[in-house]
Amino acid sequence: MSGKPRRVDHWQDPDAPEPTSRKPSASLLVRDESGRVLLLRRTDNRLWTIPTGGLEKGETIRECAIRECREETGIDVEITGLVGVFSDPGHVIEYRRKSGKVKEVRQPVNVCLRGRPVGGELAPGPGEASEVRWADPAEIAGYDIHPAMRRRIDHGLSGAEPHVD
């Protein structure tokens, strides 16, 4: 693990800590020409996910998704649509310092976009991902993915209208 705090995602857990903050973020369901999904294994919780990260000052959600994808996977993308807006209060993320002390408990507000690769080279971003790969949608059920993230992926793969919590 890098210098980042340890991340613990809680989903529909009555014993989860109360949120201390909310932060907008973007995630990106990237599919290649074969329909495979871009996945990465996070370094902070070791779970598989799609590119995701917090919105920085001075950037749009679109810019955030593109930046996070490049930083985490090495892939440059074009945004092609909207999967949905995910803000279920049953999902909170607990960030802990190396000492174990709670740094922050965040209730995310995530805008999940669709994208397609337009360049770059598949490579895990230092401190961001330990592995990156293209996965066939039929194989995704076998990956260790947090339920909140799986919800975004499943909705994006369903082809349904954009989801809004």
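We count residues from 1, following the sequence as given.
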TODO: Not counting sequence neighbours, which residues clear ring-ring contact (aromatic ring centres under 6.0 Å, His included) with H163? List them please.
DONE: F86, H155
Open item on the list: Which heavy atom of G35 sits nearest to which heavy atom of P137, and what is that distance?
Closed with: O-CG, 3.4 Å
Task: Spacing of S21 atom OG and R106 atom CZ [to the nearest 0.5 Å] - done: 5.5 Å
TODO: Would you give the length of the straight line joining atom CZ of R67 to atom CD of E72, rounded to the nearest 0.5 angstrom?
DONE: 8.5 Å
Open item on the list: Applying side chain to side chain donor-acceptor pair (under 3.5 Å) to D88 and Q12, what does each step give before you reach the verdict?
Closed with: CA-CA 9 Å; D88 189 318; Q12 307 300 334; 3.2 Å; yes
Task: Sequence neighbours excluded, every pair satisfying salt bridge (Lys or Arg N to Asp or Glu O under 4.0 Å) that has a member inside residues 23-32 - done: D32-R36
Task: Distance-minimising heavy-atom pair for C64 and G53 - done: SG-O, 3.4 Å
Task: T20 side-chain N/O to V105 backbone N/O, donor-acceptor pair under 3.5 Å - done: yes
- [ ] Considering non-hydrogen atoms only, spot the tightest contact between V83 and L113 and give its length.
- [x] CG2-O, 3.8 Å
- [ ] Could you tell me the separation between the OG1 atom of T49 and the CZ atom of R41, rounded to the nearest 0.5 Å?
- [x] 12.0 Å
Open item on the list: Under 4.5 Å between side-chain heavy atoms, counting indirect links through other Ile/Leu/Val/Met/Phe/Trp/Tyr residues: same cluster for V85 and I61 or not?
Closed with: yes
Task: Min side-chain heavy-atom separation V111-L82 under 4.5 Å - done: yes
Task: Of L122, L28, I66, the residue whose pairing with I75 passes side chain to side chain contact (heavy atoms under 4.5 Å, CB included) - done: L122
Task: Working for side-chain contact (heavy atoms from CB on, under 4.5 Å), residues R22 and S87 - done: CA-CA 10 Å; R22 295 195 62 134; S87 60; 3.9 Å; yes
Task: Within residues 144-154 or reaching into it, pairs that qualify as salt bridge (Lys or Arg N to Asp or Glu O under 4.0 Å) - sequence neighbours excluded - done: R151-D165
Open item on the list: For a quick test of reading the model, state the closest non-hydrogen atom pair linking I50 to L40 and the distance between them.
Closed with: C-CD2, 3.9 Å
Open item on the list: Ignoring hydrogens, what is the shortest heavy-atom contact between L29 and C112? Give both atom names and the distance.
Closed with: N-SG, 4.5 Å
Open item on the list: Please report the interatomic distance CG(L47) to CZ(R42), rounded to the nearest 0.5 Å.
Closed with: 8.5 Å
- [ ] Determine whether L38 and P51 make a side-chain contact, defined as any pair of heavy atoms from C-beta on separated by less than 4.5 Å.
- [x] yes
- [ ] Say whether, by atom type as modelled, one donor and one acceptor occur between the side chain of T43 and the main chain of G127 under 3.5 angstrom.
- [x] yes
Open item on the list: Once ring pair (Phe, Tyr, Trp, His ring centres under 6.0 Å) is applied, what residue pairs with a partner in residues 58-81 remain, sequence neighbours excluded?
Closed with: none
Open item on the list: Under 4.5 Å between side-chain heavy atoms, counting indirect links through other Ile/Leu/Val/Met/Phe/Trp/Tyr residues: same cluster for I140 and M149 or not?
Closed with: yes
Task: Residues K57, E59: salt bridge by 4.0 Å N-O rule - done: no
Task: Closest contact, heavy atoms only, S27 versus A65 - done: O-CB, 4.5 Å
Task: Atom pair CD/CD of E128 and E71 - distance to nearest 0.5 Å - done: 5.5 Å
Task: D44 backbone acceptor or donor facing R7 side chain under 3.5 Å - done: no
Task: Check: R97 main-chain N/O paired with S99 side-chain donor or acceptor under 3.5 Å - done: no
TODO: Please list all pairs passing the side-chain hydrogen bond (donor to acceptor under 3.5 Å, both in side chains) test where one or both residues lie in residues 74-83, with sequence neighbours left out.
DONE: R70-D76, E78-R116
Open item on the list: Rounded at 0.5 Å granularity, tell me how far CD in Q107 sits from NE2 in H10.
Closed with: 13.0 Å
Open item on the list: Working note: N45 + V8, criterion side-chain contact (heavy atoms from CB on, under 4.5 Å); need CA distance, chi angles, decisive distance, verdict.
Closed with: CA-CA 7 Å; N45 65 10; V8 178; over 6 Å; no
Task: Verify same cluster id: V30, L157 (apolar side-chain graph, 4.5 Å) - done: no
Open item on the list: By the ring pair (Phe, Tyr, Trp, His ring centres under 6.0 Å) test, which pairs, at least two apart or in different chains, include something from residues 106-136?
Closed with: none
TODO: Check whether any side-chain heavy atom of H91 sits under 4.5 Å from a side-chain heavy atom of P108, and report yes or no.
DONE: yes
Task: Linked, directly or transitively: W48 and V37 (ILVMFWY side chains, under 4.5 Å) - done: yes
